[in-house]
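Here is the structure we will look at, set down as structure tokens.
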Amino acid sequence: MTWSTADIPDLTGRRVLVTGATSGIGYETALELLRHGADVIVAARNPEKTARAVERLSQEGGKVPAVLELDLADLASVQRAADEVLTQYDRLDVLINNAGVMAPPYRQTVDGFELQLGTNHLGHFALTGRLMPLLLKGSRVVTVSSFMHKSVRGVSQEDLRRPVGSYRKWEAYGRSKLANLLFMLELDRRARAAGAGLLSVGSHPGYASTHLQAAGPELAGHALQAQLWGAATRLVAQPAAAGAWPSLYAATYADLRPGSFVGPGFFEYRGAPKVVLPTRTAQDPELAQRLWAWSVEATGVDPVLTVPK
């Protein structure tokens, strides 16, 4: 299949919320959506960085995006952000759960969860759940995962509460990306069972050149390692703009089937997007149900997929 951003339809009047839209894939996703007429909400946690990104997006995208303060590593912040959206808007056409952290040293969220699982999965789980009153009006939810989900064969309760002493940062990253897919597919199953109009799909960028690869070493205080990661990534990876194509396809392609997972076409590494297959583990409904139940317990958010009358 040949696809480019020229195939994105006119999005005038469509409202899209993108988490982590101040840099990398999230920025490029928001930019293309603006260029095609969408009303974009940039959700991010750093006010200064957000202000700079919004200025650039306004200049390059031709429209001024709205701003939503959101720290996915703080469930109170997630609740405040969701309440703001529910108060200000009567409709949200697309939610793109894009933001994430990758392979930092061991850190905890404000609520005491391992940072990667807490940010990449639990924060987005809680945000999606709290926005359900709008999403059930016929919205599309795009959850961004990674091909690194293939490195993990399962998630147990012990994994979710793993102590610091046994922490492996790349394993934890893969686990958080597997959780993204388990959530996306379980949300799809529950939406269809409820007869809801919500469309749950997923995407992954392949190997794209963003700041994400260097962020982990920077958090660990390894400046040289961060520089080397950045240089190597720029050398072999596709540009961030191309890395955003699967997310854009997942968010805008009209005939995408529920539960679809979109990645780059060339060995899921780079190139035009296409529908790809998650691992068998990611498609395990029993595992997804257990993760969903734990996520409800962890966040205090129980997404209710009751169709509005």
Side-chain angles (χ1 to χ4, degrees), residues 15-22 26 30 39-51 53-54 65-101 104 107-145 160-161 176-177 179-180 182-184 186-187 190-191 194 196 198 200 202 288 290-308:
R15 181 172 293 117
V16 186
L17 192 159
V18 186
T19 68
T22 58
D39 298 320
V40 175
I41 304 170
V42 171
R45 65 182 179 85
N46 185 310
E48 293 79 15
K49 188 175 180 181
T50 302
V54 166
V67 173
L68 178 69
E69 186 174 340
L70 170 67
D71 183 352
L72 289 162
D74 181 350
L75 292 173
S77 173
V78 174
Q79 181 171 2
R80 288 193 297 271
D83 287 346
E84 183 176 336
V85 173
L86 292 172
T87 300
Q88 291 192 10
Y89 305 105
D90 61 359
R91 189 185 84 259
L92 182 61
D93 299 293
V94 184
L95 169 63
I96 303 180
N97 290 323
N98 165 82
V101 292
R107 296 283 192 278
Q108 289 187 342
T109 67
V110 172
D111 305 283
F113 301 105
E114 186 273 321
L115 181 64
Q116 297 186 86
L117 187 68
T119 303
N120 300 353
H121 168 62
L122 289 176
H124 283 125
F125 178 92
L127 178 66
T128 304
R130 291 193 180 280
L131 292 177
M132 202 57 70
L134 293 183
L135 299 176
L136 286 175
K137 295 181 179 181
S139 303
R140 185 177 297 207
V141 178
V142 180
T143 300
V144 181
S145 181
L160 297 172
R161 297 180 172 89
S176 73
K177 294 288 100 180
N180 286 150
L182 288 164
F183 165 61
M184 180 276 285
E186 182 63 14
L187 179 61
R190 292 179 181 236
L198 183 152
S200 176
R290 292 202 304 269
L291 177 67
W292 186 286
W294 178 80
S295 301
V296 170
E297 175 191 336
T299 63
V301 177
D302 189 358
V304 178
L305 280 76
T306 303
V307 181

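For reference, positions follow the sequence shown, starting with 1. Only this structure's heavy atoms are used, side chains among them; waters, hydrogens and symmetry mates stay out.
- For Arg91, the salt bridge (Lys or Arg N to Asp or Glu O under 4.0 Å) test picks out Asp93, with sequence neighbours left out.
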| request: For the pair Val85 and Arg130, evaluate side chain to side chain contact (heavy atoms under 4.5 Å, CB included) and give the outcome as yes or no after the intermediate values. | output: CA-CA 10 Å; Val85 173; Arg130 291 193 180 280; over 6 Å; no

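- Interatomic distance, Asp39 CG to Leu17 CG, rounded to the nearest 0.5 Å: 12.0 Å.
- A donor atom on one side chain and an acceptor atom on the other are not found under 3.5 Å apart for His124 and Thr143.
- In this structure, the side chains of Val101 and Asn120 come closer than 4.5 Å at one or more pairs of heavy atoms.
- Residue-environment remark: CZ (Arg15) exceeds the threshold of 12 foreign heavy atoms within 6.0 Å.
- Residues passing the side chain to side chain donor-acceptor pair (under 3.5 Å) test with Thr119, sequence neighbours excluded: none.
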Practice item. Applying side chain to side chain contact (heavy atoms under 4.5 Å, CB included), run through Trp294 and Leu122 and close with a yes or a no. Key: CA-CA 10 Å; Trp294 178 80; Leu122 289 176; 3.6 Å; yes

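- With sequence neighbours left out, the salt bridge (Lys or Arg N to Asp or Glu O under 4.0 Å) criterion links Arg190 to Glu186.
- For Ala51, the side chain to side chain contact (heavy atoms under 4.5 Å, CB included) test picks out no residue, with sequence neighbours left out.
- Shown here for Ala44 and Thr50, the closest heavy-atom pair between the two residues is CB-OG1, 3.5 Å.
- In plain terms, the two heavy atoms of Leu70 and Ala43 that are nearest each other are CD2-CB, 3.8 Å.
- In this structure, the separation between CZ on Arg140 and CG on Leu135 is 13.0 Å, given to the nearest 0.5 Å.
- Between Pro303 and Phe125 there is a side-chain heavy-atom pair separated by less than 4.5 Å.
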Q) What's the verdict on side chain to side chain contact (heavy atoms under 4.5 Å, CB included) for Leu95 and Leu127, showing C-alpha distance, side-chain angles and the deciding distance? A) CA-CA 10 Å; Leu95 169 63; Leu127 178 66; 4.2 Å; yes

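- Considering CG of Leu305 and CG of Leu136, their distance stands at 5.0 Å, rounded to 0.5 Å.
- What you find for Gly118 and Phe113 is that their closest heavy atoms are CA-CB, 4.3 Å.
- We find the CD-CG distance between Gln79 and Asp74 to be 10.5 Å, quoted to the nearest 0.5 Å.
- The minimum heavy-atom distance linking Ala21 with Val42 is given by the pair CB-CG1, 3.9 Å.
- Among residues two or more places apart in sequence or in another chain, the salt bridge (Lys or Arg N to Asp or Glu O under 4.0 Å) test is passed with Asp71 by none.
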Go through Leu134 and Leu86 one step at a time and tell me if the side chain to side chain contact (heavy atoms under 4.5 Å, CB included) criterion holds. CA-CA 7 Å; Leu134 293 183; Leu86 292 172; 3.7 Å; yes

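- Of the inter-residue distances, the one linking Ser77 atom OG with Leu72 atom CG reads 7.5 Å to the nearest 0.5 angstrom.
- Of all heavy-atom pairs spanning Pro104 and Gln116, the tightest one is CD-CD, 3.4 Å.
- With values rounded to the nearest 0.5 angstrom, Ile41 atom CD1 is found 8.0 Å from Gln88 atom CD.
- With sequence neighbours excluded, the residues forming a side chain to side chain donor-acceptor pair (under 3.5 Å) with Ser295 are His121, listed by chain and number.
- Asn97 and Thr128 form a side-chain donor-acceptor contact under 3.5 Å, judged by distance and modelled atom types alone.
- In this structure, the side chains of Leu187 and Trp292 come closer than 4.5 Å at one or more pairs of heavy atoms.
- Across Ala298 and Leu75, no two heavy atoms sit closer than the pair O-CD1, 3.9 Å.
- With a 4.5 Å cut-off on side-chain heavy atoms, Leu68 and Thr19 do not count as touching.
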